[in-house]
Amino acid sequence: MRAILAGLAFILTFVATLATGFADDAPAGTLTAAQASKTVEDLGIDSKPSSDAKEIEVTWVKGKVPVPGSITLNVDAQGKVRAIDPLAPIPADRILFLSRETLQNFTLRWNSENPGAEHLDLENSGVLVLTATYPRASAPYDAAMLKRQIGTFRSALDRALDDLDRESKAHQSQGDKAYASDWELADPSKMPARAVGRLETQGGYICTATLVAEDIILTAAHCVMDDKGRHKKPLQFNAGIDHGDAVATANVTAVHVDPDYDPVHQFDGKTIDNPIFGRDWALLKLDAPIGRDTGTIDVFAATRSDLEGIVDDTKSDVIQIGYGGQGGFRPKLRHRCGPADVLDARYYTTQCGLVKGDSGSPLLLHQGEKYRIIGINYAWVDLDYVNHVFLVVGSAAFAPTLKDLVSGKLQATPVEDWIKDPSDDKTAGTMGQPNGRL
């Protein structure tokens, strides 16, 4: 799925010409916004006015992967240009194989090696942007000053793109694994890892799940339904398993998924700000209360305000534990896995880069001596300006249902009835997951 992140609606996708020289017929004297726009055109930059008269939408670089952006004009009371704020979001195809962590390190290094008004900024959404902070002029701009600053910005953009190209090629051999965050082995003899385990499903597929009650585990809905909507049979849950040795084991007896979960059309939209992304969760009943032995992890139904507070708190500690990669034999722990772009309490993105097998893995907020679940990982998508955006179902989506299951107010569907779904057929043993599923 390709989509443009919310907040980048100003970006155009048309192709432009990269000029190598300056035109001689630019307006003389101080510049109005309209004259500044004419000067930009004379530089050979494809442009057009935006809905805001003080903003010019441009395409900085042409080619197979064009780089669009904008120039915001700061004008005085007389309508004369006093400063410009150019902006160039870097397309995802120019930052291939670079994880969020790698981009963060690259940004810090590039800004240090390229001191000046131009600087790179990695936004919470994961979009990498080149911006510039030029001082407000004591006198209104003339064409020569505008040309100089635009030329300086374009030179900085060329340097950044060249450096990013070299960085991408250095990580290309890793493929999708390049987007995964660094990990360490979790200790399944201790909480919280002993309450997290490997869920095995029909067809030999695995997901990650977490004990949220004595006999209830939490995972992703697509672990028990394929992308065609066919029901899959969940088999066994192994808590804290490490090379075949589990802290506790139980069979799955019943299934409950969000009734509005739609695996067939889940990724049809052109944006990640879509309520359907808050539906990919499942609660499964077990045939034994093994949570009494392993311990359970509380679910924190965090509000959007709570999640944004975690983003803003540099001291917040959010970890992820999952069985993705290397055959799912050992639990892996990642740090710095808090929310990145909070779209809604029920769905948001995470800073953590994950791999297949991590579907259903919990994001755990560490507060004092306790860990609480604030969401589960379930997929990644590629957007126009971000590669591998990792999606999370927020705990607010499933916390009320968990409460009803625990109280007995709601009954899950027995596995025998679950696999008798009318759409099921003899091919239902294959998972058929698209590449974006973890």
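All values below were derived from every heavy atom in this structure, side-chain atoms included, with hydrogens, water molecules and symmetry-related copies excluded. Source: prediction; values computed, not measured.
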Query raised in the report: Do the non-hydrogen side-chain atoms of L391 and N377 ever get within less than 4.5 Å of each other?
Result: no
Requested in this report: Starting from the C-alpha separation in whole Å, work towards a yes-or-no answer on side chain to side chain contact (heavy atoms under 4.5 Å, CB included) for I217 and V212.
Outcome: CA-CA 6 Å; I217 57 174; V212 290; 5.9 Å; no
Query raised in the report: Does R198 use its side chain to pair, donor to acceptor, with the backbone of A239 at less than 3.5 Å?
Result: no
Report task. I would like to know whether E55 and L73 meet side chain to side chain contact (heavy atoms under 4.5 Å, CB included); could you show each step before the answer? Result -> CA-CA 6 Å; E55 183 177 271; L73 306 173; over 6 Å; no
Query - Polar side-chain atom of K190 near backbone of P188 as donor-acceptor pair, under 3.5 Å - result: no
Requested in this report: Take V393 and F398 through the side chain to side chain contact (heavy atoms under 4.5 Å, CB included) test and state the conclusion after the steps.
Outcome: CA-CA 9 Å; V393 178; F398 48 78; 4.1 Å; yes
Query raised in the report: Between D268 and V264, what is the shortest heavy-atom contact and its length?
Result: OD1-O, 4.1 Å
Report summary line: Closest non-hydrogen contact found for V58 with S47 is CG1-CB, 3.8 Å
Query raised in the report: Between D306 and T303, do the side chains contain an N or O donor and an N or O acceptor separated by less than 3.5 Å?
Result: yes
**Report entry** Donor-acceptor pair, side chain of S112 and main chain of R109, under 3.5 angstrom
**Finding:** no
Query - Test item: R94 and V61 side chains (from C-beta on) under 4.5 Å apart, heavy atoms - result: yes
Query raised in the report: How close do A399 and V299 get, heavy atom to heavy atom, and via which atoms?
Result: CB-CG1, 4.0 Å
Query raised in the report: Taking it one step at a time, do T59 and D46 satisfy side-chain hydrogen bond (donor to acceptor under 3.5 Å, both in side chains)?
Result: CA-CA 6 Å; T59 299; D46 279 7; over 6 Å; no
Report task. Would you give the length of the straight line joining atom CG of D215 to atom CG of L284, rounded to the nearest 0.5 angstrom? Result -> 11.0 Å
Report task. Examine Y179 together with W380 and report whether their ring centres are nearer than 6.0 Å. Result -> no
**Report entry** side-chain contact (heavy atoms from CB on, under 4.5 Å) partner of W418, chosen from M225, H256, K233
**Finding:** M225
Query raised in the report: When you check the gap from the basic side-chain N to the acidic O, do R166 and D163 get nearer than 4.0 Å?
Result: yes
Query raised in the report: Any side-chain heavy atom of L120 within less than 4.5 Å of one from L128?
Result: yes
Query raised in the report: Looking at D344, I272, L343, which one forms a side-chain contact (heavy atoms from CB on, under 4.5 Å) with F277?
Result: I272
Query raised in the report: With distance as the sole test, does N387 use its side chain to make a donor-acceptor pair with the main-chain N or O of I95 at under 3.5 Å?
Result: yes
Report summary line: Note: S395 and A301 closest approach over all heavy atoms is CB-CA, 4.1 Å
Query raised in the report: What closest approach, in Å, do L405 and A412 show between heavy atoms, and which atom pair accounts for it?
Result: CD2-N, 3.8 Å
Report summary line: Taken to the nearest 0.5 Å, the spacing of H222 NE2 from S359 OG works out to 3.0 Å
Query raised in the report: OG1 of T219 to CZ of F237: how many Å apart, nearest 0.5 Å?
Result: 9.0 Å
Report task. Output yes when K232 and D226 qualify as a salt bridge under the 4.0 Å nitrogen-oxygen rule, no when they do not. Result -> yes
Query - Sidechain N-carboxylate O distance under 4.0 Å for R334, D182 - result: no
Query raised in the report: Is a donor on one side and an acceptor on the other found under 3.5 Å between the side chain of N114 and the backbone of W110?
Result: yes
Report task. Could you tell me whether the side chains of T102 and S99 share a donor-acceptor contact shorter than 3.5 Å? Result -> yes
Requested in this report: Run the numbers on L363 and I373 for side chain to side chain contact (heavy atoms under 4.5 Å, CB included), then give the verdict.
Outcome: CA-CA 6 Å; L363 293 187; I373 298 173; over 6 Å; no
Query raised in the report: For the atom pair CG (L307) and CZ (F300), what is the distance rounded to the nearest 0.5 Å?
Result: 7.5 Å
Query raised in the report: Just by modelled atom types, is the G368 backbone N or O under 3.5 Å from a matching donor or acceptor in the H366 side chain?
Result: yes
Report task. Nearest 0.5 Å please: distance from the CZ atom of R372 over to the CG atom of D298. Result -> 7.5 Å
Query raised in the report: For residues Y347 and D273, is any side-chain donor paired with an opposing acceptor at under 3.5 Å?
Result: yes
Requested in this report: Identify whether the distance between the nearest side-chain nitrogen and carboxylate oxygen of R279 and D262 falls below 4.0 Å.
Outcome: no
Query raised in the report: Which atoms form the tightest heavy-atom contact between A92 and L383, and what is the distance?
Result: CB-O, 3.4 Å
Query raised in the report: Just checking, any donor-acceptor pair under 3.5 angstrom between side chains of Y385 and E123?
Result: no
Report task. Decide whether D52 and S50 meet the rule of one side-chain donor and one side-chain acceptor closer than 3.5 Å. Result -> no
Query raised in the report: So, does T350 use its side chain to make a donor-acceptor pair with the main chain of C352 at under 3.5 Å?
Result: yes
Report task. Let me know which of N74, T131, T72, T133 forms a side chain to side chain donor-acceptor pair (under 3.5 Å) with D85. Result -> N74
Query raised in the report: Any donor-acceptor pair under 3.5 Å linking the side chain of N111 with the backbone of T107?
Result: yes
Requested in this report: Consider only side-chain N and O atoms of T349 and D341, and report whether a donor and an acceptor are under 3.5 Å apart.
Outcome: no
Query raised in the report: Do the side chain of H265 and the main chain of P263 share a donor and acceptor less than 3.5 angstrom apart?
Result: no
Query raised in the report: Going from CD1 on I321 to CD on E184, what distance comes out if it is rounded to the nearest 0.5 angstrom?
Result: 9.5 Å
Requested in this report: Decide yes or no for D358 and Y378: does some side-chain heavy atom of the first lie under 4.5 Å from some side-chain heavy atom of the second?
Outcome: no
Query raised in the report: Can any side-chain N or O of S361 pair as donor or acceptor with the backbone N or O of G322 at less than 3.5 Å?
Result: no
Report task. Could you check if a side-chain atom of L333 sits within less than 4.5 angstrom of a side-chain atom of L185, using non-hydrogen atoms only? Result -> no
Query raised in the report: Got more than 12 heavy atoms from elsewhere within 6.0 Å of CZ, R159?
Result: yes
Report task. Determine whether P192 and I319 make a side-chain contact, defined as any pair of heavy atoms from C-beta on separated by less than 4.5 Å. Result -> yes
**Report entry** E308/R304 salt bridge by N-O under 4.0 Å criterion
**Finding:** yes
Query raised in the report: Going by heavy atoms in the side chains, are L410 and T401 under 4.5 Å from each other?
Result: yes
Report task. Taking the side chain as every heavy atom from C-beta outward, state whether E118 and F153 have any pair of such atoms under 4.5 Å apart. Result -> yes
For residues 286-297, dump all side-chain donor-acceptor pairs below 3.5 Å to protein atoms at least two apart in sequence or in another chain.
unit_1	atom_1	unit_2	atom_2	d
D287	OD1	N251	N	3.1
D287	OD2	N251	ND2	3.4
R292	NE	E214	OE1	3.0
T294	OG1	I290	O	3.4

Query raised in the report: Should the pair K169-E167 be classified as a salt bridge under the 4.0 Å nitrogen-to-oxygen rule?
Result: no
